[in-house]
Amino acid sequence: MERSKAAAARRTPRPIRKLNKDKYLLLMVLPCLIYYLVFRYAPMFGLVISFKNYNLFKGVWASPWVGFKYYHTFLNSPDFVDLLRNTILLGVTKLVFSFPAPILLALMLNEVTVSFLKRFVQTVSYLPHFISNVVVASMVLTFLSPSTGIVNHWLKGLGFHAVNFMSEPGWFRPVYVLSEIWQHVGWETIIYLAALTAIDPLLYEAARIDGANRWRQTLSVTLPGIAPTIIILFIFNIGDVLDIGFEKVFLLASPAIYSTADIISTYVYRVGLGQGNYSYAASIDLFTSIISLIFVCTANYLARKFSDNSIW
Amino acid sequence: MRKGLSMLLLISLALGLIAGCSGGNNEGNNASNHKADSKNSSSTSNSSNNSADSSDSNANKTSLPEKTFTFLDVSHPSWPYDENWLVWKLLKEQTGVSFKVQVPSGEMADALSLAIASGELPDLLYTEDKSLADKYGQMGALANILDYTDIMPNFKQWMEKYPNDTRNAIAADGKMYIFPNQGIGETNRMIWMYREDIFKKLNLTPPQNWDELYTVLKALKQAYPDSYPLSWRDGIAYLLNFSASFKTSNDFYYDYDTNTWKYAPLDDNYKTMIGYFNKFYKEGLIPPDFLSIDTKQWQDLISTDKAFITLDYIGRIDFYNTPLRADNPDYNLLFMPPPEGVPGSQKNAFTQFDQAGMMVSGDSKNIKDVMKYFDFLYSEDGKNLVSWGKEGETYTVKDGKNVLNPDYTTVADLRKKTGLSTDGAYTWFDYDAHLSLSSPELASAYEQARKYDSQQQPMPTLTQTELDDTNVEMTSIQKYRDENVAKFILGTRSLSEWDKYVSDLKGLGVDHVISVYKEAYERSLQTAK
């Protein structure tokens, strides 16, 4: 009996034996795999329309090829430089200011010893994450309105001039980034707080015995403890530099501030959906995705080179 | 053995899931089978799909064959589609036609493109936007209505009566893919309005021209320092309405005086208008955030005595007066004649058209029957039925004039209860039906407003190649215009730089787009002959 089983095992090739061994695990992964294949990878074939003069009725395959025509149009359009600059600047500003915010909040919360207070701050700070962008944008516009807004009311009360925030190009980036931080800081803190709990308390004890104060402990134990998390999330965020959420920018922008607020995704919306030029929109989208991919690969390469942590 | 089995299981599970995900197509096939079924049944036996609601009128309807059309129709949030509406019952009594309606769960435009891409089209489709009809029509998805005018005597007569509306429904290739919509457009009429009670209190009269407008606004601002006497919504888009009194527009337009196509934001008259707005802005006569004021903020301004002159849809007269008089019986928002901008021009932009309408699938097996049904809608009887309903049931005749029953308080109420004048239930409409429900103020506004109509703009349709050719240019041009017009009004760019602005705009390809419009317009004149 034993021998025949072993013989059977020998007859089946190794990969299949391995599959068989992990079959339940594989079965559990399967739905996830199928989800990605069907909803993430299959739609990618749609990008082919960026090389075609896409005719909705004829369908993707029957539409005629046009090569790089749409990429050419985009790169030569008079808006291209402005769009790229605005997109990168907005993305980088957002990265620089809103990436460290949850880390700081997490470090501060970590120092709070009153657990009620800690929970309270955490709850209050992550609630805005659940407000939709439409509501956030209209809140921002209402608060900052020069005629009826509460912010200008305060400014005037303090003796300053009223500022027409949403009509001055210079104010767009600060307003956008601040509202992003307000909206998401609490939510993003959760992951750092989780990383903090994984730090061995013995390390703190050892540091205290060596005479380290709270500040020194933060620098030498806490920060290195969550460094892998920080690096991984940073690489993720790099990928989003060009891929700024369309919704809120679109809702906040007005023609007077196009010089800072018109970004690639709002342009894609106006040309692609507004004017029904799907091929053109798809080519711009692919173009930005490729740049994002380059960003992520570079960041990952640098991370691997200068630290032990990277995504791959 | 067991290994083989488990592998098989795994693979079949994966295949099953993939098949499940692509099941949309199967459903589509089923739907078309249903369609075929219902068609067969209707041709073989008329009585098979008789529903209860038509039994009461069996007597006068025996000669009419029964047909059921599938219909992708829109459902308005304020009067959601209801298959039991009176209007469907009346239409069935008259024509024998009933509908199997699908309502999109999201945007109509998305539902349309999905339906077209799937290749499984219902007999009838609805669109809010005529350019979609042209686009899909030229791709080959829709029936050309002009091919069937031989079996549509009423529609033929109608086209002779309304040559403008007919021409505007025609696509760039000279075919017609959408049924022209006439009458209901009145609801889109936009007018100037002013607060008669406040004007009376301050001893002001409505301004005759823009200089007087300035003085009046100043006086209002003085009496109400917190206010922005002239307010409107949607920012730059409404410059179209203001510009009519300046003999210009807000975009590419046809100048009837010189018979040429022009780009309005380059006109000197346009500059004059921007100059006024710049002055208004500096002195706080318009809201500082006029670019981003939305409907809600605008409503707050109008209803809290913060704005006294505005420009919007004509129906806003009742919209404000009716509820606000509960607290302030004197509240009186009335029609105001448009102030003269440049000498001899005292106009409102022509907005009283509606581009929405119904299209017929090119694949439909029922095209001829659908056309016959629509022919009825273009008859006087058809118009009467979809506008007023049924005498005795929804309206009565008083002194030779139709009057809707008083149990319908507003047009919205009428729509909700009967389905009359809901999307997809009409195409030629008698607007007097809506007027019979309006207040004396609104009725008088309609009467006065007609005196200030500007000539309707032609709407030539571009071919797909022309669209592809111009839409990147148009996007850049519009962006440059919006950005700089905003700056000129806000004063962040000085009007002395106007010439530079004009040459920059020209550099973006204005002349090319104008030539494309000109060509398309001449083509549309040719086909209309």
Side-chain angles (χ1 to χ4, degrees), chain A residues 8 12 16-17 19-20 23 26-27 30-31 33-35 37-39 42 53 55-60 70 73-74 76-79 82 138 141-142 144-149 152 162 164-169 252-259 262 267 270-271 273-280, chain B residues 1-3 6-7 9-10 13-14 17-18 21-22 109 113 116-117 119 131-132 135-136 138-141 226 228 235-236 284 287-294 296-297 300-301 306 464 467-468 470-476 478-487 489-490 492 507-509:
Chain A
T12 41
I16 298 208
R17 232 183 315 155
L19 274 181
N20 192 29
K23 61 189 168 203
L26 285 171
L27 208 64
L30 198 67
L33 200 71
I34 289 170
Y35 168 83
L37 282 177
V38 172
F39 293 106
N53 185 359
N55 178 321
L56 206 53
F57 186 61
K58 281 187 199 156
V60 173
Y70 292 108
T73 319
F74 182 52
N76 286 315
S77 101
D79 297 319
D82 281 350
S138 72
L141 289 177
T142 312
L144 296 181
S145 156
S147 45
T148 51
N152 273 303
N164 200 349
F165 288 101
M166 297 324 285
S167 298
E168 283 177 27
L252 287 175
S254 73
I257 52 172
Y258 270 169
S259 57
D262 197 25
Y267 180 78
R270 285 206 307 275
V271 176
L273 288 175
Q275 312 220 20
N277 203 341
Y278 301 109
S279 294
Y280 187 54
Chain B
M1 203 55 220
R2 268 180 58 213
K3 282 163 223 156
S6 62
M7 274 304 288
L9 191 80
L10 239 157
L13 204 83
L17 268 168
I18 290 168
C21 292
S22 60
S113 65
I116 304 257
S131 66
L132 288 179
K135 195 167 124 186
Y136 298 139
Q138 292 179 55
M139 285 178 179
D226 279 353
Y228 301 103
I236 281 182
D289 45 352
F290 72 95
L291 284 169
S292 53
I293 283 192
D294 59 14
K296 171 79 177 58
Q297 288 169 301
D300 290 348
L301 287 169
K306 288 238 166 72
Q464 198 55 45
L467 278 175
D468 284 349
T470 51
N471 70 16
V472 176
E473 271 172 327
M474 280 208 248
T475 309
S476 301
Q478 270 160 21
K479 178 183 163 184
Y480 191 79
R481 172 202 65 192
D482 288 355
E483 186 176 351
N484 287 282
V485 164
K487 282 182 178 169
I489 296 178
L490 295 172
T492 47
L508 291 172

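This structure is a prediction, so every number in the text was calculated from the model and none was measured. Protein chains get the first letters and strands the later ones, always in sequence-line order, with residue 1 at the start of each.
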Check each atom of [X] against the heavy atoms of chain B and say whether the ones under 4.5 Å are side chain, backbone, both or neither.
{"X": "A/S254", "answer": "side chain"}
{"X": "A/S77", "answer": "side chain"}
{"X": "A/S138", "answer": "neither"}
{"X": "A/Y70", "answer": "side chain"}
{"X": "A/Y267", "answer": "side chain"}

Between [X] and chain A, which part of the residue has a heavy atom less than 4.5 Å away: side chain, backbone, both or neither?
{"X": "B/I293", "answer": "neither"}
{"X": "B/S476", "answer": "both"}
{"X": "B/Y228", "answer": "side chain"}
{"X": "B/K479", "answer": "both"}

Top residue by heavy-atom pair count (under 4.5 Å) with chain A, among B/D294, B/D289, B/N484?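 So the answer, after comparing B/D294, B/D289, B/N484, is B/D289.
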Could you state the interatomic distance from CD1 (A/I257) to CG (B/L490), rounded to the nearest 0.5 Å? 10.5 Å
Please enumerate all residues that pass side-chain hydrogen bond (donor to acceptor under 3.5 Å, both in side chains) together with B/Q297, with sequence neighbours excluded.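 So B/Q297 forms no side-chain hydrogen bond (donor to acceptor under 3.5 Å, both in side chains) with any residue.
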Side chains of A/P255 and B/V485: closer than 4.5 Å at any heavy-atom pair?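 They are not in contact (no side-chain heavy atoms under 4.5 Å apart), so the answer is no.
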B/D300: salt bridge (Lys or Arg N to Asp or Glu O under 4.0 Å) partners, not counting sequence neighbours: B/K296
